[in-house]
Amino acid sequence: MATNSAVKAAKSFLNTTGFSPEPTLLEQYVKCLSEDGLVEEAVDVYNALKETGISPSVVTSNAVLLGCLKARKLHLFWELHKGMMESEVDLERIRCLIQALCDGGEVSEGYELLKQGLKQGLDPGHDVYAKLISGFCKIGNYACMSEILHTMIAWNHFPNLYTYNEVIKGLCKNKKHVEAFCIFKSLKEKGYAPDRVVYTTMIHGLCEKGWLGSARKLWFEMIKKGMQPNELTYNVMIHGHLKRGEFVLAGEFYSEMLRKGYKETTVSCNTVISGFCSHGKSDEAFEFFKKMSETGVAPDAITYNALIQGFCKENKVEKGMKVYKELKALGLKPSVVTYAALVRNLKMSDSVETSLNF
DNA sequence: ATAGGGTTAG
């Protein structure tokens with residue numbers, strides 16, 4: 001591969017001398033330009049080549065396509081590809097096309113192409129499968145995600161931890177906690193070593209489901225393996241316990257977090273405040289909220305929305321309105337749910353005259 | 001592609 005400076009030298013040489021090299025050399029040049037990220041110029045030379053009646057090799061065409069992908073120029077990619085329709089589709093072309101489809105959000109089309117290629121024995125390799133899997137994770141298509149996971153293993157490509165983390169996260173998001181936990185457990189049997197991120201993802205999933213016992217088991221397991229929970233792991237655990245009304249345990253995790261040197265953040269405070277509010281403890285939430293200003297942790301829209309909703313749920317309209325005014329004064333916005341809760345509360349109370357003052 | 005994990009609400 002040419003260095004960038006070599007490409008520049010070649011470019012200026014061609015421009016200043018008007019020298020027209022052999023087509024094969026020009027193809028080489030196109031390849032270098034593409035690999036160096038000079039995609040627009042690569043495309044120009046590529047098109048110039050075609051205009052002189054020469055059809056560039058598959059290798060050259062693929063190199064330009066890959067260049068467009070790496071430079072995230074999808075328009076250029078598809079425009080070029082239109083002009084390549086008659087040329088042969090090889091493995092590299094399939095790899096490029098699937099990646100372009102994934103980047104453009106057309107994961108299902110990418111998957112179709114994968115299946116077509118595999119029928120002909122064209123296996124695009126680990127990274128392409130991984131890209132399809134994360135694409136399907138993003139759109140919440142559990143079935144396809146799982147299919148591809150099995151396919152890639154069948155083709156002897158073993159997903160890395162990153163991919164497994166996405167799979168576990170995707171499964172949890174799609175309420176497939178049992179499957180997610182199975183995959184997590186099978187990881188260890190297969191010889192993978194889940195790291196702190198994967199542990200945190202799984203603990204989060206278990207907490208969401210309310211399976212605190214399993215969550216705690218993993219918590220101690222990761223510590224035993226020498227991994228220290230960080231502020232994210234702590235927050236996941238605190239949130240999980242608060243959600244289930246386990247205030248004492250949540251408090252223990254919270255103070256341990258501080259003892260370990262993790263500072264309180266807006267997020268950790270929001271977790272506590274929303275935890276109190278969802279269990280009819282809005283006054284305790286408010287006490288906690290007041291302490292935030294003392295410790296210098298800035299509240300945000302989430303803090304205020306949680307508090308207002310908490311007060312509304314307990315029909316404490318006056319308190320809710322007070323917090324609402326504070327939110328407005330800070331230039332923050334109430335969420336639709338918060339606003340609806342306030343309106344409902346105001347209608348129920350006698351203070352119908354109290355304006356929400358938009 | 002040596003990347004990736006958390007908080008409101010329903």
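What you see below is based on every heavy atom in this structure, not just the backbone, and it leaves out hydrogens, waters and symmetry mates. All chains are named by letter (A, B, ...) in the order of the sequence lines, taking the proteins before the strands, and each is independently numbered beginning at 1.
- Atom NZ of Lys138(A) and atom P of dG5(B) are 10 Å apart (whole Å).
- Remark: the Tyr129(A) side chain and the Asp123(A) side chain contain an N/O donor-acceptor pair separated by less than 3.5 Å.
- Rounded to a whole Å, the NZ atom of Lys333(A) is 22 Å from the P atom of dT8(B).
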For residues 61-71 of chain A, tabulate all N or O donor-acceptor pairs below 3.5 Å that involve a side-chain atom, not counting sequence neighbours.
residue  : atom : partner  : partner atom : Å
Ser61(A) : OG   : Tyr46(A) : OH           : 2.8
Ser61(A) : OG   : Ser57(A) : O            : 3.1
Asn62(A) : OD1  : Arg93(A) : NE           : 2.6
Asn62(A) : OD1  : Arg93(A) : NH2          : 3.0
Asn62(A) : ND2  : Val58(A) : O            : 3.4
Asn62(A) : ND2  : Asp90(A) : OD1          : 3.1
Asn62(A) : ND2  : Asp90(A) : OD2          : 3.2

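- Picking from dG6(B), dG5(B), dG10(B) the nucleotide with the shortest atom distance to the side chain of Arg196(A) gives dG5(B).
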Show me the side-chain donor-acceptor pairs of residues 198-210 of chain A shorter than 3.5 Å, one per line, residues at least two apart or across chains.
residue   : atom : partner   : partner atom : Å
Tyr199(A) : OH   : Glu221(A) : OE2          : 2.5
Tyr199(A) : OH   : Lys225(A) : NZ           : 3.2
Thr200(A) : OG1  : Arg196(A) : O            : 2.7
Thr200(A) : OG1  : Thr233(A) : OG1          : 3.1
Thr201(A) : OG1  : Asn165(A) : OD1          : 2.6
Thr201(A) : OG1  : Val197(A) : O            : 2.9

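- Residue contacts shown for Glu166(A) are absent, as no nucleic acid heavy atom lies under 4.0 Å away.
- Within residues 222-244 of chain A, the residues having any heavy atom under 4.0 Å from DNA chain B are, by residue number, Asn230(A), Leu232(A), Thr233(A), Asn235(A), Val236(A), His239(A).
- Of the candidates dA9(B), dG4(B), dT8(B), the closest approach to any side-chain atom of Ser274(A) belongs to dT8(B).
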Which side-chain N or O atoms in residues 297-304 of chain A pair as donor and acceptor under 3.5 Å with protein atoms at least two apart or in another chain?
residue   : atom : partner   : partner atom : Å
Asp300(A) : OD1  : Asn270(A) : ND2          : 3.1
Asp300(A) : OD1  : Ile302(A) : N            : 3.1
Asp300(A) : OD1  : Thr303(A) : N            : 3.1
Asp300(A) : OD1  : Thr303(A) : OG1          : 2.9
Thr303(A) : OG1  : Asn270(A) : OD1          : 2.6
Thr303(A) : OG1  : Asp300(A) : N            : 2.8
Thr303(A) : OG1  : Asp300(A) : O            : 3.3
Tyr304(A) : OH   : Glu326(A) : OE2          : 3.1

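- Residue-to-nucleotide contacts include a donor-acceptor pair under 3.5 Å from the side chain of Thr200(A) to the base of dG5(B).
- Looking only at atom types and distance, the side chain of Thr271(A) has no donor-acceptor partner in the side chain of Tyr254(A) under 3.5 Å away.
- Of the candidate nucleotides dG4(B), dT8(B), dT7(B), dT8(B) has the atom lying nearest to any side-chain atom of Ala306(A).
- Among the atoms of the strands shown, base atoms are found under 4.0 Å from some heavy atom of Ala130(A).
- Residue-level contact check: Ile273(A) touches neither bases nor backbone, having no heavy atom under 4.0 Å from any strand.
- Separating the CZ atom of Phe253(A) from the P atom of dT7(B) is a distance of 17 Å, rounded to the nearest angstrom.
- Val272(A) comes within 4.0 angstrom of no nucleic acid atom, judged by non-hydrogen atoms across all strands.
- Looking at heavy-atom distances under 4.0 Å, Val267(A) makes contact with a base.
- For the pair Lys173(A) NZ and dT7(B) P, the computed distance is 11 Å after rounding to whole Å.
- Atom P of nucleotide dT7(B) and atom CD of Gln309(A) are separated by 16 Å, given to the nearest angstrom.
- The side chain of Val197(A) lies closest to dG4(B) when the candidates are dT7(B), dA9(B), dG4(B).
- To the nearest angstrom, P of dT8(B) lies 22 Å from OH of Tyr324(A).
- Qualifying side-chain hydrogen bond (donor to acceptor under 3.5 Å, both in side chains) partners for Lys319(A), counting only residues two or more places apart in sequence or in other chains: Asp283(A).
- Taking the six-membered ring where tryptophan is involved, the planes of His241(A) and Phe253(A) are tilted, since the angle between them lies from 30° to 60°.
- A straight line from CZ of Arg344(A) to P of dA9(B) spans 13 Å, rounded to a whole angstrom.
- Contact annotation for Lys169(A): backbone-only contact, meaning every heavy-atom pair under 4.0 Å involves sugar-phosphate atoms and none involves a base.
- His177(A) meets the side-chain hydrogen bond (donor to acceptor under 3.5 Å, both in side chains) test with no other residue; sequence neighbours excluded.
- We find that CG of Leu307(A) is positioned 14 Å from C1' of dA9(B), with the value rounded to whole Å.
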